[in-house]
Structures are given as structure tokens and as C-alpha cells.
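So the structure is just underneath, and the comments pick up after that.
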Amino acid sequence: MSTADWVTAATDVIVQRANERLEAHRRALFEGTDRLFAWLMAGQWLFGILVAHFFSPYGWEGKVKTVHFHVWVAVLLGGALSSLPIALALLRPGWWVTRHVIAASQMLWSALLIHLSGGRIETHFHVFASLGILAFYRDWRVLGTATTVVIADHLARGILWPESVYGIVNPEWWRFLEHAFWVVFALAFLIWAGRKSLREMEQIAEGGAQLEALAEHEWRRTSVLERTAAG
Amino acid sequence: MALLPRPEPRAPGGVRGYDVVIIRDDSGIERSYTRTAYEHLPLADRVRPLLEGRSRFLLDGEEVDPRVAIKGG
């Protein structure tokens, strides 16, 4: 093999290994975040039932404590919302569909919790906390799915059942735009930070490749020197 | 001898391994890259010169060991 052939072959192998390292790193990130959300989905289910049991009667019917209809909503709808993402996180971690299902379910969980709390404005913070956690994926498309779901939910419920999302019966028609604006505001920074973080992952993989190339060069030079000295 | 590009400002408190890279091509002509320009080269175009010992790393105009330069972040 000529030196030029060796350099070409070594370059290809080193670049391929760098790509594999980066891919492995990203896959580990996706799988780890999927597992995190599996726990979160289970926790939210429990939390939703507690909110329905303790808070919904106050939020929706005054200070009359009964087993509210919302307890069943939290058990059944909450179970439906959590079960698919949990199943996918356990059976297909790292799959792109898994994280998009998780993103959509997480936003629907925000919608359910907002409803259970009677449209309480503080519960809307769940949306922003969820976007922050979804940003762990460092995949802007996942944040895009989440944003689409939450804006569509606010628009639809704002028209059909405004009390459920804003806690009042006659909000301005454009109120969903105000909520959407703050979501997009947060999203812009989360996407920027995610891309920056992804670039750092690439740089780590590329740095490893360059060190590998240096080591190969050193090894080859030393071998040539040793052969020359021996000859 | 290549004309060195102006080094990029040092990040506050940041550690830099290099600010300029000089790559000699097959015909012996040297080309200088700022760190940003070098990092935007395709990986294969950075690996190949390293394999052939054609890359030199500089920090503040002083040549530094390539291994230290790359590890230095």
C-alpha cells in the first residue's frame, strides 16, 4: 500500500469512527432522556390524580369536597396520556418517534393539569418547565412538536371551552397568541442553547479524531525511523 | 511563508489551545486559518494533513505542540 493510499484509508476510518462516536453520544442522550420522561410521566399521572382529588372540587365547584368527576378524568385520561410514552421509552428508547410522542404527551399533560386546576394561571408554568426538560434532547424538532401541540390546544380550548384553559368564560379571542408568544420566546433560546450544545458534542468527537490522526502520524514516523536505524 | 491571520480575541477566562493553524498543501504552499475557519473545514480536511504531518498550530504567534493545542480546547 502506498503512503497516499494509507493516508486516504486512515482518513476515512478516523472520520467514520468520529461520526460513530458522535452518533453513540447522541443516542445515549436520547435514550437517557427517554428514560427520564418515563419516570416523569408516571409521576405526573400520580400528581394529576392528587390534583383532581384535592384541588379540582375547589377549582370547579367551590369548597364542596366530593369525589370529583375529574378524579376519573385524571385516572383514565392521565393513564392514556402516560402509557404510550412510557411504553415507547421502555421498548423503543432512542427512536425518533418516541421523543416526539413524549413531547406531544408532555404538552397534553400541561393541558390536563391546567384543566384540572380550573385554568389556574400558575399551572401554565408547567408548559415552560416541560419545554426546558424537553430541551435535554437537544433536538429542535422535538421542541417544534411540543410547541405546535400546546398552541393548538390553547387555540382550540380557548374557542370551545375557555374556562378550562384560562379560568374565565370570556377571554379575548387573541389570548392564545399572548401565551404562544411567550412559548416561542422561550423556544428561541432553548433552540439556540441546544444547537450550541450539539456543536460542542461534535467538537469533542472531532477533537478525538484529530488526536487519533496525530497518534497515527507519530506511530508511522517512529516506525520509519526505527526501520531506517535498523537498516 | 504564509501571512498569519489576526488572532481571534481570547475568551474571558477561557482556555485556548490555538488561535491559528497553518496547513502546507501538496505543492508546499502554506495556508493559514483562524481557529473558526479551521473548525469549519470538513473533518477529513483536518485529519488528512495531521496524518501527513502538514499542520502547525499557533497560539499568540508561537507554535504549540499539536496534541496540546487540540486538547487545550
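Keep in mind that what you see is a predicted model, and the values were worked out from it rather than measured.
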Looking at CG of B:Asp45 and OG1 of A:Thr11, how far apart are the two atoms once the value is rounded to the nearest 0.5 Å? 9.5 Å
Under 4.5 Å to a heavy atom of chain A? For B:Arg67 that would be both
With a 4.5 angstrom heavy-atom cut-off, is it the side chain or the backbone of A:Glu218 that approaches chain B, or both, or neither? side chain
Within the supplied structure, the quantity of interest is the number of heavy atoms (other residues, nucleotides, ligands) at a distance under 6.0 Å from A:Trp96 CH2; does it exceed 12? no
Can you tell me which portion of A:Ala18 sits under 4.5 Å from chain B's heavy atoms? Options are side chain, backbone, both or neither. side chain
In terms of heavy-atom contacts, B:Leu51 and A:Ala213 come closest through CD2-O, 3.6 Å
Let me confirm one number: the OH-CD distance from B:Tyr38 to A:Gln210, rounded to the nearest 0.5 Å. 4.0 Å
Among residues 20-28 of chain A, which residues come closer than 4.5 Å to chain B, judged by heavy atom distances? none
Answer key: most heavy-atom pairs under 4.5 Å with chain B among A:Glu206, A:Arg221, A:Arg220 is A:Glu206
Set out, in order, the CA-CA distance, both residues' side-chain angles and the distance that settles side-chain contact (heavy atoms from CB on, under 4.5 Å) for B:Glu52 and A:His217, then state yes or no. CA-CA 6 Å; B:Glu52 295 176 320; A:His217 170 68; 5.8 Å; no
Neighbour count >12 (heavy atoms, 6.0 Å) for atom CZ, A:Phe128: yes
CG/A:Asp12 to CZ/B:Arg48 distance, rounded to the nearest 0.5 angstrom? 8.0 Å
Working to the nearest 0.5 Å, report the span between CD1 of B:Ile70 and CD of A:Gln203. 12.5 Å
Region of A:Leu214 in contact with chain B, defined by heavy-atom distances below 4.5 Å: both
